[in-house]
Amino acid sequence: MSLLLLVFLTPPFQTPDEQQHLFRAYQLSELDLTPSRVGGEIPTSLGDLSADYLGSRALHPAPPPRAPPLRVTLGELDRPLAAERTTFATFLGTYLPTVYLPQALGVAAGKAAGLGPLGLLYAARAANALAALALVALALRIAPTGREALLAIALLPGSQIVFASASPDAATIAAAIAFAALAFRMARAVRASAGASLALGAALGAVLAGKFVYLPLLVAGAAVVFDGRAGAPAARRRAALVQAIVAATLGVLAVIWFVAAAPAGAAAGTASVGRLDALVSAPLGFFGMLGASLTDQAADIVMSALGVLGWLSLPLPKWAYAASAFAAVASLVAGRKAEGMAPLAGLAWLLLALASVVLIGLALYLQWTAAGAARIGGFQGRYFLPLAPFVALPAVAALSRVGGPKLRDGAYAAQLALLAAGTAAMFATLIGGFGVLR
């Protein structure tokens with residue numbers, strides 16, 4: 001219900017880069033799979049709608065702080081798509097199409113139903129929300145332990161905001177939650193439904209690999225080799241090898257796709273070639289720059305992960321961030337006593353998450369950091385949400401002996417109450433900040 005309300009209450013294109021994601025979803029709904037960092041042809045009405053609400057056709061606009069009332073916005077449902085009238089629009093199409101599958105299917109269904117441009121946006125959002133909900137439900141079903149922690153990640157306002165948008169981060173975050181649950185399940189029962197587990201893992205991995213910075217996470221299942229309780233050594237090695245092969249295959253496909261999308265030259269306002277030369281000549285300098293950048297932006301990263309509305313311009317009340325943070329901590333000891341994870345396997349998961357942090361920094365460094373900058377810019381909390389399950393589940397396992405049933409039941413009740421309070425604050429901020437019900 002929360003996601004459905006967000007689909008319609010969130011003003012059009014009031015999540016980061018949503019206009020680009022809708023354009024790409026439309027392109028894919030036409031079965032145009034061409035990777036591109038330039039853009040492509042879309043119906044003129046789609047571009048006009050985004051420009052009307054964002055006040056600009058720029059790739060990264062500065063949207064107005066207020067939005068039209070919902071009753072006015074809904075009147076735009078009458079605007080026709082007029083798909084035969086097209087125009088060229090600039091947007092990025094570098095991610096694997098798998099992360100746009102829900103939105104593309106939603107747009108395709110909307111076109112078949114005769115919806116206009118706003119209707120297609122709502123259809124893309126709704127399809128994204130349903131897919132995310134299905135993946136989270138799958139994770140809660142298959143996870144042998146740590147369900148409370150996975151639920152907390154999914155119910156953070158930051159996650160909900162993304163799930164109910166047209167962003168590919170919705171599929172990435174939800175797939176990461178499900179993939180972590182599956183990897184942990186496979187680690188605890190190597191021989192159980194191996195074929196089905198690997199098929200499911202490949203499907204989830206194809207979504208997670210949509211952004212190459214998360215490729216390290218795809219070998220999380222191979223950490224089974226460190227867990228002596230998960231079957232005979234030969235079986236563990238065989239499972240780890242198969243999972244590593246699947247991960248490597250998906251990784252190669254993701255890299256090939258990303259390279260195929262690269263135009264001649266660097267992105268505007270950057271000096272990628274110079275940055276790459278500097279990285280090769282002094283790699284330790286990059287790591288120092290990354291550490292300093294993460295330290296400087298830590299508060300903003302945490303806030304945006306927990307939830308900031310609009311184009312990261314409308315924060316929640318301070319108490320809502322505290323509530324969401326405490327809910328996340330409580331989830332680590334909530335519910336029934338957790339099954340253990342071998343310390344080396346847990347450490348491997350943490351190192352994989354750290355590797356993804358480095359790749360996130362590297363991507364921002366090479367593509368979006370201005371020449372001569374002393375810090376890497378552009379970090380956003382949603383980039384780190386896919387890493388959360390791979391940090392939370394080892395923590396749950398490490399804390400498996402903490403507290404008795406009363407403490408765990410109390411922590412679970414507190415978690416749910418705090419998450420409900422954070423969700424209420426999100427809606428109050430959304431309605432009051434944008435004035436959508438005025």
Side-chain angles (χ1 to χ4, degrees), residues 15-18 20-21 37 56 58-63 65 90-92 94-95 156 158-159 161-162 167-169 172-173 176 211-217 255 258 261-263 265-316 318 321 324-325 350-388 390-391:
T15 57
D17 305 321
E18 189 172 37
Q20 294 189 56
H21 300 316
R37 294 185 189 180
S56 169
L59 198 62
H60 300 290
T90 302
F91 57 90
L92 299 180
T94 57
Y95 304 139
L156 289 174
S159 297
I161 292 165
V162 174
S167 171
D169 291 309
T172 304
I173 295 168
K211 292 190 171 184
F212 77 91
V213 296
Y214 303 120
L215 290 179
L217 304 179
V255 171
F258 184 79
T270 68
S272 296
V273 175
R275 285 293 193 194
L276 186 58
D277 290 342
L279 177 65
V280 172
S281 61
L284 293 182
F286 163 75
F287 286 102
M289 187 179 183
L290 174 62
S293 302
L294 289 172
T295 301
D296 290 350
Q297 301 173 55
D300 290 337
I301 292 171
V302 172
M303 281 183 62
S304 59
L306 295 177
V308 179
L309 292 161
W311 286 60
L312 305 182
S313 57
L314 187 58
L316 306 179
K318 290 183 179 179
Y321 292 111
S324 297
L350 296 178
L351 291 176
L352 292 174
L354 181 60
S356 279
V357 171
V358 173
L359 288 179
I360 291 170
L362 181 62
L364 293 173
Y365 175 78
L366 292 176
Q367 295 185 69
W368 301 111
T369 299
R375 294 288 187 269
I376 301 171
F379 286 105
Q380 296 181 29
R382 60 194 169 101
Y383 302 156
F384 298 90
L385 284 173
L387 312 183
F390 297 89
V391 175

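We're numbering straight along the sequence, starting at 1.
For residues 351-369, the set of pairs meeting the salt bridge (charged side-chain N to carboxylate O under 4.0 Å, His left out) definition, not counting sequence neighbours, is empty. Screening residues 284-298 for salt bridge (charged side-chain N to carboxylate O under 4.0 Å, His left out), with sequence neighbours left out, gives Asp296-Arg375.
Between the CG atom in Leu316 and the CE atom in Met303 there is a gap of 7.5 Å [rounded to 0.5 Å]. Here the straight-line distance linking atom CG of Asp17 with atom CZ of Phe91 works out to 13.0 Å at 0.5 Å rounding. Rounded to the nearest 0.5 Å, atoms CG (Leu306) and CG (Leu385) are 8.5 Å apart. Going from atom CG of Leu294 over to atom CE of Met289 covers 11.0 Å, rounded to the nearest 0.5 Å. Of the inter-residue distances, the one linking Phe379 atom CZ with Leu364 atom CG reads 5.0 Å to the nearest 0.5 angstrom. Atom CG in Leu217 sits 8.5 Å away from atom OH in Tyr214 (nearest 0.5 Å).
With sequence neighbours excluded, the residues that form a side chain to side chain donor-acceptor pair (under 3.5 Å) with Ser167 are Asp169. Applying the salt bridge (Lys or Arg N to Asp or Glu O under 4.0 Å) test to Asp300 and every residue at least two apart in sequence or in another chain returns nothing. With sequence neighbours left out, Phe390 forms a ring-ring contact (aromatic ring centres under 6.0 Å, His included) with Trp349.
Closest approach of Leu59 and Thr90 over heavy atoms only: CD1-O, 3.5 Å. Across every non-hydrogen atom of Ser56 and Ala58, the tightest pair is OG-N, 2.9 Å. Between Gly307 and Tyr321, the shortest heavy-atom distance links the atoms O-OH, 2.7 Å. Residues Gln297 and Gly377 share a closest heavy-atom pair of NE2-CA, 4.2 Å.
In this structure, the side chains of Ser304 and Arg382 stay at 4.5 Å or more apart for every pair of heavy atoms.
Taking a 6.0 Å sphere around OH of Tyr95, one finds it holds 12 or fewer heavy atoms contributed by other residues, nucleotides or ligands.
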Could you go through residues 350-359 and list every donor-acceptor pair under 3.5 Å that involves a side-chain atom there, pairing it with any protein atom two or more places apart or in another chain?
{"residue": "Ser356", "atom": "OG", "partner": "Val213", "partner atom": "O", "Å": "2.9"}

Pair Val302, Phe384 - check side chain to side chain contact (heavy atoms under 4.5 Å, CB included), show working. CA-CA 9 Å; Val302 172; Phe384 298 90; over 6 Å; no

